[in-house]
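The next block holds one structure in the form of structure tokens; read it before the comments.
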Amino acid sequence: MEDKNLPSNIGKNIENLKIPENVKLVAVSKKKPVELIEEAYNLGQRDFGENYIQDAIPKINKLKNLKEIKWHFIGHLQSNKVKLAAQYFDMIQSIDSIKLAQKLNNACAELKKIMPILIEINIGAEISKGGINQENLFDLVEHIKSLKNLKLRGLMCIPPFNENSKNFFKKMKTLFDKYKKDYNLDILSMGMSGDYRVAIAEGGNMVRIGTAIFGKRV
Ligand SMILES: *Cc1c(COP(=O)(O)O)cnc(C)c1O
């Protein structure tokens, strides 16, 4: 389902976010129509985030003429969707297992493509949540080193709902700092509409914002 809440305030909304220059804004366009994405693009926004492969592909196809657009996959990646993700996306932010990394690497090798990726950390150690537990991070980053068609750029998280995000962002920054030199990481993706200011204050340099740009999702 897409809601066509036109006309929009996208330009004003993005401006009001006041994202600092050193922070990359990913506009999360899940469940939003191509018209709004195109409008944001025409205002200078280049990076867009989608959660569902099957919803994203028709939009990506329709917007092929926007030459500089970059698509970030930010949802849970099912193994039967890995090939499509490899084909259609420019960055995968939700790698959380060796198996998934291997599959994506194979798919990218077939396409002769190097895929930038982030590892999603289950920073609240929640049972029913995607992401790798931080104890297993070392094994995963080490393994990814051997995968020639993946380029590990950094870490991503979605902190637990209804909790103070700040402490989770602090933990993420500590992890990021621990790994960044040895593994050449440069992206720490954290912060959404409700908490992006806190995320930036705690050292995040990529925020993923949907509602505050495009309005509520139906
Ligand atoms: C939906 C979503 C966002 C954006 O959330 P808003 O609260 O609408 O800004 C960011 N990251 C992920 C992984 C999401 O699924």
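Counting starts at 1 for both ligands and their atoms, following the listed order. Only heavy atoms go into these numbers, but all of them, side chains included; no hydrogens, no water, no symmetry mates. This one's a predicted model, so the numbers in the text were calculated from it and none came from an experiment.
- Among all protein heavy atoms, the one lying closest to atom 10 (C) of ligand 1 is M192 SD, 3.3 Å.
- With a 4.0 Å cut-off on non-hydrogen atoms, I74 touches ligand 1 through its backbone as well as its side chain.
- Taking the charged nitrogens against the carboxylate oxygens, E68 and R46 do have a contact shorter than 4.0 Å, which makes a salt bridge.
- Counting atoms of ligand 1 from 1 in the listed order, those under 4.0 Å from a heavy atom of T211 are 6 (P), 7 (O), 8 (O), 9 (O).
- Every atom of ligand 1 is numbered from 1 in the order shown, and the set under 4.0 Å from a heavy atom of S193 is 6 (P), 7 (O), 8 (O), 9 (O).
- Between G210 and ligand 1, at least one N/O pair is under 3.5 Å apart.
- Relative to atom 2 (C) of ligand 1, the option among R208, K30, K216 with the closest non-hydrogen atom is K30.
- Under the 4.5 Å side-chain heavy-atom criterion for grouping Ile, Leu, Val, Met, Phe, Trp and Tyr, I69 is not connected to V28 through any hydrophobic cluster.
- No salt bridge links K180 with D186; every basic N to acidic carboxylate O contact stays at or beyond 4.0 Å.
- Put simply, the side chain of Q102 never gets that close to the backbone of H143: no donor and acceptor are under 3.5 Å apart.
- Both tests do not hold together for K81 against Y88: distance to the six-membered ring centre under 6.0 Å, angle to the ring axis within 45°.
- Partner of H72 under the side-chain hydrogen bond (donor to acceptor under 3.5 Å, both in side chains) criterion, chosen from Q93, E50, K24: Q93.
- When each atom of ligand 1 is checked for a heavy atom of N51 under 4.0 Å away, the hits are 14 (C), 15 (O).
- By the 4.0 Å heavy-atom criterion, Q93 is excluded from the residues contacting ligand 1.
- Below 4.0 Å from some heavy atom of I209 lie the following atoms of ligand 1, by number and element: 9 (O).
- Between W71 and F89, the angle of the ring planes goes over 60°, which puts this pair in the perpendicular group of the 30/60° scheme.
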